[in-house]
Amino acid sequence: MTTRSLEGLPNPLAPDWLCVPADANALAPGLWPTSATRSPGGELSIGGVTAAALAAEFGTPLYVIDEADARARAAELLTVFQAEFARIGTSVKVYYAGKAFLSTEVVRWVSDAGLNIDVCSGGELAVALAGGADPARLGFHGNNKSLAELDQATRVGVGTIVIDSEVEIGRVAEAAARHGRAQNVRLRVNSGVHAHTHEFLATSHEDQKFGIVLTDAPRLVALIRAEPALNFVGLHCHIGSQIFGADGFAESAARLLDLHAVLLAGGPVPELNLGGGFGIAYTSADEPTPIRELALALADIVATECARLNIPLPVVAFEPGRVIIGRAGVSLYRVGTTKAVDVSGMQRLYVSVDGGMSDNVRPALYGADYAVRLADRTSTAEPALVRIAGKHCESGDIVVDADYLPSDVTPGDLLAVPATGAYCWALSNNYNYQGRAPVVAVLNGSARVLVRGETIADLLARDAGAQQPFNGGES
């Protein structure tokens with residue numbers, strides 16, 4: 001199969017950003033956990049454990065998390081942000097965004113690193129508490145927190161609740177009063193800035209489910225301050241996800257601090273939460289902003305705006321998730337079939353694996369791009385343009401839209417997709433009655449289960465109409 005022209009140019013079916021690799025076995029820098037290596041025989045190892053050994057013990061699809069990598073990124077991020085904001089004369093609070101990936105062990109990792117944790121539901125709150133998190137170091141988000149969730153949060157002593165709408169003011173106040181608490185709250189506002197990767201829009205964009213418009217904030221803050229059971233600590237804003245650069249944060253911070261200055265006239269506003277959304281590399285074409293550079297820029301932005309307004313520096317909070325756990329994760333798949341498809345005289349090789357949109361829905365949901373490599377061998381075969389397809393009954397069930405693998409990729413090969421630590425297991429599902437894949441952590445040559453995988457028996461156990469236990473197909 002010809003995948004390159006005689007002049008050595010990329011397959012015309014490939015996206016413009018994708019280059020033909022000099023070595024289709026090489027692990028592109030910036031995509032993989034820091035421990036990822038290849039043995040002389042070509043086997044991929046993560047955390048000192050080979051991909052083949054992991055697949056043999058736990059099966060595929062499989063989420064693999066490099067524990068040391070995740071712990072190190074959490075600790076580094078906090079250290080760097082603390083240093084940069086101390087430089088300008090204030091402090092920071094860093095919340096791990098649990099929606100990226102949360103398990104009781106991950107709760108312990110980020111807590112050990114000194115981070116707070118952000119949760120968005122009663123379920124995430126329960127996981128955080130089960131992992132031993134201090135309730136006072138939790139933040140609770142959500143545009144439709146139920147009465148039961150608010151009762152639970154105020155009862156256990158969650159540190160801060162983010163109020164997302166006017167109706168929540170009374171609900172949180174009632175729950176807090178019932179439990180005899182003065183509940184710290186933030187008010188989520190829309191700054192009108194929306195960022196994604198290296199682009200951002202600074203025009204008004206208020207037609208969304210989260211937060212309230214800036215012009216409504218003074219009235220709602222007055223209502224919050226009038227409630228004896230509530231303690232207003234500041235504003236909150238989130239401008240997007242997978243953001244490269246600081247320009248969007250700069251514009252959003254300027255708008256929020258203008259409002260912050262107005263609110264100071266009515267009482268203290270000790271904190272400002274600028275949200276998260278820091279991006280990572282998913283492909284070799286991505287160039288995310290280094291954390292140290294981002295922290296320096298964000299600190300300077302806050303210092304400059306506070307000086308402009310002649311107001312005290314607030315404590316500044318952030319909520320990173322993907323940048324901590326994303327690169328620590330790798331997904332393993334087994335190739336089932338391959339199929340060469342002719343498209344206008346060129347060929348694309350479809351490689352179908354034993355997972356898909358049940359374990360990584362981001363390509364179907366967002367058009368997200370990923371990379372892929374052989375995990376149990378290397379090859380000297382010419383690179384072929386491949387599309388890694390899932391096994392589900394949807395034409396949009398694609399795991400990797402475009403990358404190059406050795407052209408001899410074949411059924412039975414083990415494949416690895418990097419940067420799947422964030423929003424893959426968290427968004428996993430049971431489409432086509434596929435059990436959700438297990439999550440294992442690797443560290444110093446050993447592996448352990450973080451989240452058990454689901455079997456068909458598990459799925460049928462929830463079906464109230466099932467007439468007999470599933471026996472695996474045996475007679």
Side-chain angles (χ1 to χ4, degrees), residues 90 93 95 116-122 125 135-192 206 208-239 252-276 302 305-306 309 311-319:
T90 189
K93 293 181 178 180
Y95 291 79
N116 300 341
I117 301 174
D118 173 63
V119 299
C120 299
S121 70
L125 175 58
R137 298 184 63 187
L138 301 179
F140 199 149
H141 273 285
N143 68 299
N144 187 27
K145 298 178 283 291
S146 70
L147 295 178
E149 287 172 330
L150 291 174
D151 185 79
Q152 178 190 28
T154 53
R155 177 176 55 82
V156 302
V158 162
T160 309
I161 295 176
V162 179
I163 289 178
D164 195 86
S165 60
E166 182 172 352
V167 70
E168 280 197 334
I169 298 173
R171 291 177 178 178
V172 178
E174 182 181 349
R178 185 164 54 249
H179 296 291
R181 296 197 63 216
Q183 177 64 56
N184 288 339
V185 297
R186 308 182 196 274
L187 179 64
R188 180 160 179 170
V189 297
N190 298 325
S191 67
E206 297 159 351
Q208 59 167 298
K209 73 173 190 175
F210 290 113
I212 56 101
V213 297
L214 289 174
T215 52
D216 285 346
R219 180 177 64 85
L220 268 62
V221 170
L223 293 176
I224 292 169
R225 284 171 166 162
E227 293 283 356
L230 301 183
N231 177 37
F232 177 67
V233 297
L235 301 171
H236 173 278
C237 186
H238 183 73
I239 64 171
S252 182
R255 297 182 183 195
L256 262 65
L257 284 165
D258 281 339
L259 174 59
H260 181 101
V262 170
L263 298 176
L264 282 170
V269 190
E271 299 182 8
L272 176 68
N273 191 323
L274 294 177
V302 171
E305 292 303 317
C306 287
L309 295 164
I311 60 174
L313 287 160
V315 173
V316 184
F318 296 97
E319 298 167 355

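Closest of all the heavy-atom pairs between R171 and K145 is NH1-O, 4.3 Å. Counting all heavy atoms, side chain and backbone alike, L230 lies closest to I224 at CB-O, 3.9 Å. When all heavy atoms of S252 and C237 are compared, the closest pair comes out as OG-SG, 3.7 Å. Nearest heavy-atom pair, F140 versus C120, reported as atom, atom and distance to 0.1 Å: CE2-C, 3.7 Å. Across every non-hydrogen atom of L263 and P218, the tightest pair is CD2-CA, 3.9 Å.
With hydrogens and angles disregarded, no donor-acceptor distance shorter than 3.5 Å links the side chain of R188 to the backbone of V162. Side chain of N231 to backbone of Q183: no donor-acceptor contact under 3.5 angstrom is found. The main-chain N or O of G122 is found under 3.5 Å from a side-chain atom of E149 such that the two form a donor-acceptor pair. Judged by distance alone, the side chain of N190 and the main-chain N or O of G192 form no donor-acceptor pair under 3.5 Å. Side-chain atoms of R225 come within 3.5 Å of backbone atoms of G267 as a donor-acceptor pair (strictly under, hydrogens ignored).
A 4.5 Å side-chain heavy-atom check between P135 and L125 finds every atom pair outside the cut-off. R178 has its side chain out of reach of T154: every pair of non-hydrogen atoms, C-beta onward, lies at least 4.5 Å apart. When side chains are defined from C-beta on, I212 does not count as touching E166, because their heavy atoms never get closer than 4.5 Å. You'll find the side chain of V158 reaches within 4.5 Å of the side chain of V156, heavy atoms only. P314 has its side chain out of reach of V269: every pair of non-hydrogen atoms, C-beta onward, lies at least 4.5 Å apart. Side-chain contact between L259 and S191 is absent, with no heavy atoms from C-beta onward closer than 4.5 Å.
Within the model, atoms CD1 of I163 and CG of L220 stand 8.0 Å from one another, a figure rounded to the nearest 0.5 Å. Distance check: N143 CG to E168 CD gives 8.0 Å after rounding to the nearest 0.5 Å. Taken from OG1 in T160 to OH in Y95, the straight-line distance is 4.0 Å, to the nearest 0.5 Å. The distance from the CG atom of N273 to the CG atom of L187 is 12.0 Å, given to the nearest 0.5 Å. Here the CG atom belonging to L257 is positioned 8.5 Å from the CG atom belonging to L235, to the nearest 0.5 angstrom. In this structure, NE2 in H238 is found 8.0 Å from CD in E319, a value given to the nearest 0.5 Å.
The stretch residues 141-164 participates, sequence neighbours left out, in these ring-ring contact (aromatic ring centres under 6.0 Å, His included) pairs: H141-H236.
Atom CD of Q152 is surrounded by more than 12 heavy atoms from other residues, nucleotides or ligands within 6.0 Å.
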**Study point:** Derivation and outcome, side chain to side chain contact (heavy atoms under 4.5 Å, CB included), residues K209 and D164
**Key:** CA-CA 9 Å; K209 73 173 190 175; D164 195 86; over 6 Å; no

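Checked against V189 for a side-chain contact (heavy atoms from CB on, under 4.5 Å), the options D216, L214, V221 give a single hit: L214.
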